[in-house]
Amino acid sequence: MPQLVKGGKYVFGWSPVGQGGCIRIPPEALVEYGFLPDEHVFILTASVSSGGFIITRKPVILGSGMASIITSIPRLAEYSIAEGSVIRSGKRNVCWTTIDKDGRFILPLKSLERYGINEGTRLLATRGSYVGLSMLMKGPIIEEAVKHADIGIFTA
């Protein structure tokens, strides 16, 4: 996993949004964040400056200071809202989806638009906070990453 600059963020690779909103999580990120096949995960809006989203596991977010994003909407916490349907929780958009056995998940294109993402958008899988994997699309981290031809591309 490359580090873009000394003391900077570590990145796992590029994950372009494929046909129908399919996105692949780089294998190394699957292991580091403990994502499992057929696991439900939450997708949360990332920072305004970086765009994109954060992928997190239910036990991790419930053990964090961000638990209210999920617990304030019981239907979301119970996965009884339709998979991939984006709702607002505080200042963040949030939905849930399922990671398949190949480390992929699908978000409907209409849902991706709520995160400012379209089919073909290149997301940079980046080591985020303790809460989850960051999938970023703009800002200084992306500007630095495009200078590094050695960053892998993980297509769906």
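All residue numbers in this chain count up from 1 along the given sequence.
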- Message: Does Leu44 form a side chain to side chain contact (heavy atoms under 4.5 Å, CB included) with Met66? I'd like the steps, not just the answer.
- Response: CA-CA 10 Å; Leu44 313 167; Met66 297 174 70; 4.0 Å; yes
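- Annotation: side chain of Ile73 is in contact with side chain of Ile87 (closest heavy-atom distance under 4.5 Å).
- Arg57 approaches Gly34 most closely through the heavy-atom pair NE-O, 3.3 Å.
- The shortest heavy-atom contact between Tyr115 and Phe53 is CD2-CB, 4.0 Å.
- A donor-acceptor contact shorter than 3.5 Å links the side chain of Thr126 to the backbone of Leu124.
- The distance from the CE atom of Met135 to the OG atom of Ser50 is 13.5 Å, given to the nearest 0.5 Å.
- Distance OG/Ser49 to CD1/Ile141: 7.5 Å, rounded to 0.5 Å.
- Between the side chain of Asn93 and the backbone N or O of Arg114 there is at least one donor-acceptor pair closer than 3.5 Å.
- Here the closest non-hydrogen pair linking Ile151 and Ala145 is CD1-O, 3.6 Å.
- Remark: the backbone N or O of Asn118 is paired with a side-chain donor or acceptor of Thr121 at under 3.5 angstrom.
- Leu123 and Ile99 fall within the same hydrophobic cluster, defined by Ile, Leu, Val, Met, Phe, Trp and Tyr side-chain heavy atoms under 4.5 Å apart, directly or through other members.
- Checking side-chain atoms of Thr45 against main-chain N and O of Arg92 turns up no donor-acceptor pair under 3.5 Å.
- Using a distance-only test at 3.5 Å, with no hydrogens or angles considered, a donor-acceptor pair links the side chain of Glu83 to the main chain of Thr98.
- Of the possible donor and acceptor atoms, none in the side chain of Tyr130 sits under 3.5 Å from a partner among the backbone N and O of Ser64.
- To the nearest 0.5 Å, atoms OH (Tyr33) and CD (Glu39) are separated by 14.0 Å.
- With rounding to the nearest 0.5 angstrom, the CZ atom of Phe105 is 7.0 Å from the OG1 atom of Thr97.
- In the hydrophobic cluster analysis, where Ile, Leu, Val, Met, Phe, Trp and Tyr join through side-chain heavy atoms closer than 4.5 angstrom, Ile106 is grouped apart from Val17.
- With a 6.0 Å cutoff to the six-membered ring centre and a 45° limit on the axis angle, Arg24 does not count as a cation-pi contact of Phe154.
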- Item | Candidate pair Lys110 and Glu113, rule salt bridge (charged side-chain N to carboxylate O under 4.0 Å, His left out), full reasoning | CA-CA 5 Å; Lys110 186 174 183 179; Glu113 288 174 7; over 6 Å; no
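- In terms of hydrophobic clustering, with Ile, Leu, Val, Met, Phe, Trp and Tyr side chains grouped at heavy-atom distances under 4.5 Å, Leu107 and Leu30 are assigned to a common cluster.
- When every heavy atom of Leu136 is checked against every heavy atom of Gly51, the shortest pair comes out as CD2-O, 3.7 Å.
- Judged by distance alone, the side chain of Asp102 and the main-chain N or O of Arg104 form no donor-acceptor pair under 3.5 Å.
- Put simply, the side chain of Leu112 does not reach to within 4.5 Å of the side chain of Val86, judged on heavy atoms.
- The side-chain heavy atoms of Ser15 and Pro26, taken from C-beta on, include a pair separated by under 4.5 Å.
- Closest non-hydrogen pair, Leu109 versus Gly21, comes out as CD2-N, 3.6 Å.
- Side chain of Glu119 to main chain of Gly20: a donor-acceptor pair is present (N/O by atom type, distance under 3.5 Å, no hydrogens or angles).
- Of the inter-residue distances, the one linking Ile61 atom CD1 with Ile55 atom CD1 reads 12.5 Å to the nearest 0.5 angstrom.
- A donor-acceptor pair is defined here as one N or O able to donate and one able to accept, closer than 3.5 Å; no such pair exists between the side chain of Lys58 and the backbone of His40.
- Note that SG of Cys95 is 5.5 Å distant from CD1 of Ile43, once rounded to the nearest 0.5 Å.
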- Message: Walk me through whether Met137 and Arg122 qualify under side chain to side chain contact (heavy atoms under 4.5 Å, CB included).
- Response: CA-CA 7 Å; Met137 59 181 274; Arg122 281 191 347 157; over 6 Å; no
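- If you chain together hydrophobic residues whose side chains sit under 4.5 Å apart, Ile25 and Leu36 never meet in one group.
- At least one side-chain heavy atom of Ser89 sits less than 4.5 Å from a side-chain heavy atom of Ser72.
- Side-chain rings of Trp96 and Phe42 stay apart, their centers remaining 6.0 Å or farther from each other.
- Taking hydrophobic clusters as Ile, Leu, Val, Met, Phe, Trp and Tyr residues chained together by side-chain heavy-atom distances below 4.5 Å, Ile153 shares a cluster with Val11.
- Taking a cutoff of 4.0 Å between a charged side-chain nitrogen and a carboxylate oxygen, Arg75 and Glu78 do not qualify as a salt bridge.
- Not one N or O on the side chain of Ser68 forms a donor-acceptor pair closer than 3.5 Å with the backbone of Thr71.
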